[in-house]
2 protein chains.
Amino acid sequence: MIGNDDDRRLWSIGEVARATGTTVRTLRHYDEIGLLGASARTASGHRRYTARDVRRLYRVRALRALGLPLDEIQRVLADTAEDLGSMRELLTAQLSALEAQAGRIQQLTAQLRGLLGRMDGASMPDPEQFMTTLETMSVFETHFTTEQQEQLAARRAEMGPEGVEAAKSGWAGLVEALLAHAEAGTPADDPEVGDLVARWDALGSRFHAAGEDGEATKAAARRLWDERGEELARNLPWSPDRMRALLRYVAEVREAR
Amino acid sequence: MIGNDDDRRLWSIGEVARATGTTVRTLRHYDEIGLLGASARTASGHRRYTARDVRRLYRVRALRALGLPLDEIQRVLADTAEDLGSMRELLTAQLSALEAQAGRIQQLTAQLRGLLGRMDGASMPDPEQFMTTLETMSVFETHFTTEQQEQLAARRAEMGPEGVEAAKSGWAGLVEALLAHAEAGTPADDPEVGDLVARWDALGSRFHAAGEDGEATKAAARRLWDERGEELARNLPWSPDRMRALLRYVAEVREAR
DNA sequence: GCTATGACCTCCCGTTACGGCCGGTTCAAG
DNA sequence: CTTGAACCGGCCGTAACGGGAGGTCATAGC
């Protein structure tokens, strides 16, 4: 019915809404913000849209459907009368913004799948432990940059799951040994404990990449361990008290080298 | 500093913010909505956070980083004290929501790339024509469902670009021929124009899939053409007046069959 | 003891793109 | 002329805070 009338036909707001799949409220909103008003009003104030107005609405809707904000649409519709450059720029920017968003989403889905997998793996029936995992995630996120986390993940992938497990159990052995020494009162300059601590450091560095980036990541990890060691230690099978004592002892040994 | 104090240490809002990478404003917001308050206040009303509060904050932050809304976080943190089922559900739902979002984004990026490609192809230096393309996109989006549009796109992909071009130029020939007949006053029951219209319909149906879905799409296209033919005709190299006359003529011929 | 400075407090407005409701006018069909 | 539908402007609400105003509190240095 619409296209069959001539171009001087005037439309009420409801007709426009029905014909274009928008709502009356939306049209009034566009009018309010100056994006798209009716070119005419009746004597009593009812909006009357012209064919030009409707065409402009179609343009607005198309650009909205591409995810553009209304103020950008307004700008670009004003600019693009004679030149498409502004439009090109806007669409290009929107494209890269969407690509960035897609990247973030992919990262989140990977994380979610990981978490759900761990919940389904028979390993985690305990809500408390799951919560602690969440806390640790957050702690890591606030202390490592995204790239650093990717670096660590890549390193773990290189080592393979069994490599990671081997490192973990090796580390557990070191912890046990050092705890024994600490609690037995072995002096910090004893060469045997010095050797144990050196192996501890070597083991930790296996999780970091070589080069400058690796060093930065390592520094971040060290800072994290210093500042939040106790919180992280809640994930571990030793009591916070013993871990605290252990960390003090390791620091002493390092100083005594 | 933080982890090295004991669990009864109380923290000011600024300390918590700095330590966890949030802002003071955010913490006050969480307090306001009842998601996370400080367990204590000083006599003068300053918030004092306990280690438990900070742990809860880490949980909140981890879940927020997964894209969950604050009210869901609040609910699930209340539920998950003894049972992880609610958490599982929430994370699963979030995963599929993110996947859906990724799909939408992919669709938008494809559309944007198409538009940008057309702008770079030497074919479109004209802003007016680009605007018309936008309008047409919007018209299509309001008249076809997403599946129908995908169907049409798939059909075009099957036909290949040269197939589409062949159909277009064949259709252009039909338009020219029918316009000639219409303007020459050939009667609507003339078998030759009947044949031309039949070829017109056949050509159109090449763009639709077979079966029930195809029929629905076809019906939508017919409706679109009836209601918005004139607007669509602006994309075509014939004047609106002549297209209008042509459409009337074609309708006559169909009735005369 | 005084003061300067930073940290903290509570309100409140602004952001995006509308949805929805209210009380009052206007239009159009019968 | 009536009456029900359409339309009007205005206002509140949304999610998750950011930012500012205007006032109070704490503490380090003098």
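The basis for the numbers below is simple: all heavy atoms, side chains too, and nothing from hydrogens, waters or symmetry mates. Order of the sequence lines fixes the chain letters, A, B, ..., with proteins taken first and strands second; residue numbering starts at 1 for each chain.
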Rounding to an integer number of Å, can you tell me how far B/E15 CD sits from D/dA26 P? 14 Å
Separation of D/dA6 atom P from A/H46 atom NE2, nearest Å, is 12 Å
Nearest whole angstrom, please: distance from the P of D/dC7 to the CG of A/L27. 10 Å
Atom pair distance, as rounded to whole Å: CG in A/L10 and P in C/dA28: 12 Å
Is the phosphate of D/dA6, meaning OP1 or OP2, less than 4.0 Å from a side-chain N or O of A/S12? no
Look at the side-chain N and O atoms of A/R25 and state whether any lies under 4.0 Å from the OP1 or OP2 oxygen of D/dG13. no
Hey, are the side chains of A/Q111 and A/L115 touching, using non-hydrogen atoms and a 4.5 Å cut-off? no
Check: A/Q129 and A/R118 side chains under 4.5 Å, non-hydrogen atoms: no
Nucleotide C/dC18, atom C1' - distance to CD of A/Q74 in whole Å: 16 Å
May I have the distance from A/L35 (atom CG) to C/dT16 (atom C1'), rounded to whole angstrom? 13 Å
N or O in side chain of A/R41 less than 4.0 angstrom from D/dG9 OP1/OP2: yes
According to a strict under-4.0 Å criterion, is A/R47 in side-chain N/O contact with OP1 or OP2 of D/dC8? yes
In whole angstrom, what separates B/R18's CZ from C/dC8's P? 7 Å
Just N and O in the side chain of A/T26: are any of them under 4.0 Å from OP1 or OP2 of C/dA17? no
Distance test, side-chain N/O of B/Y30 to OP1/OP2 of D/dA16, below 4.0 Å: no
Worked check of salt bridge (charged side-chain N to carboxylate O under 4.0 Å, His left out) between A/E141 and B/R64: CA-CA 12 Å; A/E141 279 164 17; B/R64 275 263 350 148; over 6 Å; no
Heavy-atom side-chain contact between A/V54 and A/V16 under 4.5 Å: yes
Does A/E32 or A/S44 map to a spot on DNA chain D nearer the 5' end, using the closest nucleotide for each? A/S44
Mind calculating the distance between NE2 (A/H29) and C1' (C/dG19) to the nearest angstrom? 11 Å
With heavy atoms under 4.0 Å as the rule, sort B/R28 into base, sugar-phosphate or nothing. base
What contact category does A/I33 fall into here, base, sugar-phosphate, or nothing, at under 4.0 angstrom with non-hydrogen atoms? nothing
Is there side-chain contact between A/R56 and A/L35, with heavy atoms separated by less than 4.5 Å? yes
